Amino acid sequence: MSLLPWTIYVSLAGALLSLAAGSRSHSLARWTALLTAAAAWTLTLLAAARFVPGPGLQTLADCPWIPSLGVRYHLAADGISLTLLVLTGLVATAGVLFSWNIEERTGEFFSLFLILVAGVYGVFLSADALLLFAFYEIAIVPKYFLIAIWGSTNREYGAMKLALYSFAGSAAVLAGLLWAYAAGHGGGFGFAELAQAAATLSRHQQIAVFALVFFGFATLAGIFPLHTWAPTGHVAAPTAASMLLAGVVMKLGAYGCLRVALPLSPLGFAFWQPAIAWLAVIGIVYAGLVALRQEDLKFVIGYSSVSHMGFVLLGLAAANAQAVSGAVLQMFSHGVIAGLLFAVVGRMVYDRTHTRMFADLRKIPLHRLLPFAAAVFVVAGMASMGLPGFSGFPAELTILVGAWRAGPQWASVAALGVLVAAAFTLRAIHLSFFASMDGPQPTGGTHPPEQVLSLAPITLAEKAGALLLVGATVLIGLKPDLLLDWINPALQSPLLQAAFKGGAP
Amino acid sequence: MRPDYAGLLSALRPEASLVLGALAVLGLDLTAFRARSLVERQRLALFVGALAVAAAGAEALLGARGPVFGGVLILDPLAVAARIGVLALTLLTLGVAWGAAPFRQPGEYVAVMLFAATGLVLMAAAQQLLVVFLALELASLSLYVLAGFDRSRPESAEAALKYFLFGGMAAAFLLFGFSLIYGVTGSIELPRIAAQIAVQGASPLLLVALVMVLVAFGFKSAAAPFHLWAPDVYQGAPAPSAALVASASKLAGFTLFTRLLWPGFGAAAGNPAAHLGGSGWLPTVALVAGASLLLGNIGALAQASLRRLLAYSAIGHAGAMLLGVMAAGRSGPAALFYYASTYGLATVGAFGVITAAERAGRCELITDLAGLHRRSPLLAACLTVFILSLAGIPPLAGFFGKLTVFAAAIGLGGIGGPAGGLALLAIALSAVALYYYLKVLKQALVAAPAAEAARIAVPRVTAAALLAAAGLIIWFGINPGELLGLF
């Protein structure tokens, strides 16, 4: 366990090294980044192997940081953070593999990528709300540059929108944290200290503080109607960045909601619970319906991310041990599946065909030209639909069962979302890979254009990355207890239990 | 009481070093360096000036503490820290000026800069109204000259004239305010004034005097509605002059006026938790702070000129620092000092990047930065640190400046109090600010260079100054306790 803080330091060192390596040669920078990401992931796995589940955070490092404000450099982990740390290592490693073809400013790309990864590790490891906030903001800036420099469609718009939404959300979080902190007469920013401080506020103030912190974090988790940054940002981002964005960064928001906002004020949560649950359910169904109408394959995946993150938020809103453990499982599951989907769409398909529009893709017999990509996409699609055998199934099922116990009306509408998800996923699979089998095309004739027939074959790096992610989703699909055994004890911590009692009926 | 001239002399050793250095620069420039080329004369003058500033810094660090000459000056921890901060920022400004195109009289430019530093260092310690005024005027008059030093550009003359007219008006208000304070309290010594105000309470005449002092404060800190000079001065002045106006002068000004307002007129502050309409100077400062936050951050959105953008951002930052002034009475000056000094580092750095970029062509509009990452990776990296620190992104110092100031302000009567409300406004506006700061970085890091844009060669001294500023911003960001624990 004591190895975990090194994930942050290793990633930051790797960022500097790959920046330096990038000025020598591109492939040196790539290998540096791959080794760094893999090393950090190995650290999380080693820690996981020795992890003894238990309630409450296990402290890894703790020393005063800003004594005059009572801020501490306090790193700690429990089963929830460990789940997400392993996910981060996995998606980061796969992300590097899927960015092997970055030729422009390679060193800078991997440097920013690794800074983002370091920030994400930091958030999942922080046990001091201000430290968590600092890491959270560290993760915002690299996203802007990754998208604005290496992105595609409408990238400067997408990057700025994403950065501003994230920053506005974090400004709300900062305001709420300072408010609670001031109420405690400067006691400190530890989660328990903040909760005690917030408890001294009046009911109306607690409701306001909770709203600032929760909705600030939930912006990054893509809560309806603050989700609109997500599709544009994901579509504009380069492949590895969309994988990280959808796979891990959106989880930062959900993690903040769970770790900081829920325990902060059980009273405030009780007030907002129905609103959050309904917004989550609306997000699930609305984003699914929007995904059903998209003509751009990457937009389908972008909206599907919002829809799946709605399940996470629903699980948090239901606020019982079952629903929340499902939400954490869904964070892991969606992280892997979204990473896989974006990898197929962004790297395997778009980088070769230079189009993502269904109207163009249907003229190309992609299933014959890229059989590996087609197979991976079908598998990822099945996982995304929540078929048994893949990680999405136990996750969404646990959430729905838990949510049913908190409010059957939410669970029933959310179940509708599962149907919609099946519809838009099947439509995307069909239109992107298999529509050319539908018979003669209205415009293209029977023979596709010559230049697309010679698509570059799938590289080894892509295959390795895809197999990693597919393996993870199948493994957790077949044996979800691997993660649930970590998550469930962590939910017994007094802070979370207090939040559940305040929220659940 | 016998005047203690020996003590005064020893306390004023930093000022003496600066003045001697300025005279040495002038003398050497007229004699020994006369035959050399303009660039060499500039560099020799800067080198001698830097030696003088470094010597002054060492003396300020090791020198006397406590009240001097019967309390005319006070060398408390804040004064010592502010003196060292001012000198460090001046040193960085000299390093930045190394890369600037030389003026016709390089010796005089450096000498005037040292005179300005003398005034600023005195401002940091002054505790008697006459000394306050003299120090302020010495600094201001030198800065007017620095702003107008580039006689080849009409904008520089415009900057100096505007700065001078506004500054003269502000000085008149300040002097009138001081004379009223003398009339009300019968003293020009700050401790006695404080004692008198505590006895008398806030009379209407005193409040008039305080508002006049605040006008001068608003001018010095470029706070709205006294900000009108700032965009033109930042735009027109030679870049190193603008760097000094934006950094060291800000730090000294905030130190001076915080000392006047809290230890001096603290008894007339009014209730920090009361809303507008309460009596005292706090409501006025709150109004000025709110106006600056709004005007600065929203005005900056519309700027196409890089320097004007920095000016409006400075107005916004002045609003945040005024929040720190409001909170300084309760939680001490640490947060304000941290904010002002690290803000100074970031602005010196930003103007340093502009100075260096001007060597290879125009650097007026934000779009002139396009492709900076190709033209000079060093400048692009440093600019990223400075701008992100201004935007308040951790782990850079700018974030912790905002954090500590806002935490102190919210502690001042809770979130419902005027200071807490302003802190919320400032937090909300920081999301707006990110937009215009990212616009700058987008040009520097994302956009491709224009076809005719050349590579920028950065002289080693300037590069060292910029790296030092960036390094300090990162260091104080990772270890905020280093500065916050000083008081």
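These numbers were taken from a predicted model, which means no experiment stands behind them.
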When only pairs under 4.5 Å are counted, which of B:Ile410, B:Ile393, B:Leu445 shares the most heavy-atom pairs with chain A? B:Leu445

Report which part of A:Ala159 has an atom under 4.5 Å of a heavy atom belonging to chain B: side chain, backbone, both, or neither. neither

Give the ring-plane orientation class for A:Trp65 versus B:Phe400, where under 30° counts as parallel, over 60° as perpendicular and anything between as tilted. perpendicular

CG of B:Leu483 to CD1 of A:Ile66, rounded to nearest 0.5 Å, is 11.5 Å

Is it the case that over 12 heavy atoms from other parts of the model lie below 6.0 angstrom from the CZ atom of B:Arg374? no

With rounding to the nearest 0.5 angstrom, report the CH2 to CD1 distance, A:Trp179 to B:Ile427. 11.0 Å

Give, as side chain, backbone, both or neither, the part of A:Leu130 having an atom under 4.5 angstrom from any heavy atom of chain B. side chain

Take atom OH in B:Tyr435; do more than 12 heavy atoms of anything else shown fall under 6.0 Å from it? no

Measure distances from B:Leu441 to the heavy atoms of chain A and classify the residue's part below 4.5 Å as side chain, backbone, both or neither. both

Interatomic distance, A:Tyr181 atom OH to B:Leu403 atom CG [nearest 0.5 angstrom]: 8.0 Å

Engaged part of B:Ala423 at the chain A interface, taking heavy atoms whose separation is under 4.5 Å: neither

Give the member of B:Gly481, B:Gly411, B:Ser430 that has the highest number of heavy-atom pairs under 4.5 Å with chain A. B:Ser430

What pair of heavy atoms forms the shortest contact from B:Lys439 to A:Met160, and how long is it? N-CE, 4.3 Å

Honestly, the part of B:Pro480 sitting under 4.5 Å from a heavy atom of chain A is side chain

Flag yes if more than 12 heavy atoms outside A:Tyr157 fall under 6.0 Å of its OH atom; otherwise flag no. no

Could you measure the distance from the CZ atom of A:Arg105 to the NE2 atom of B:His373? Nearest 0.5 Å is fine. 3.5 Å

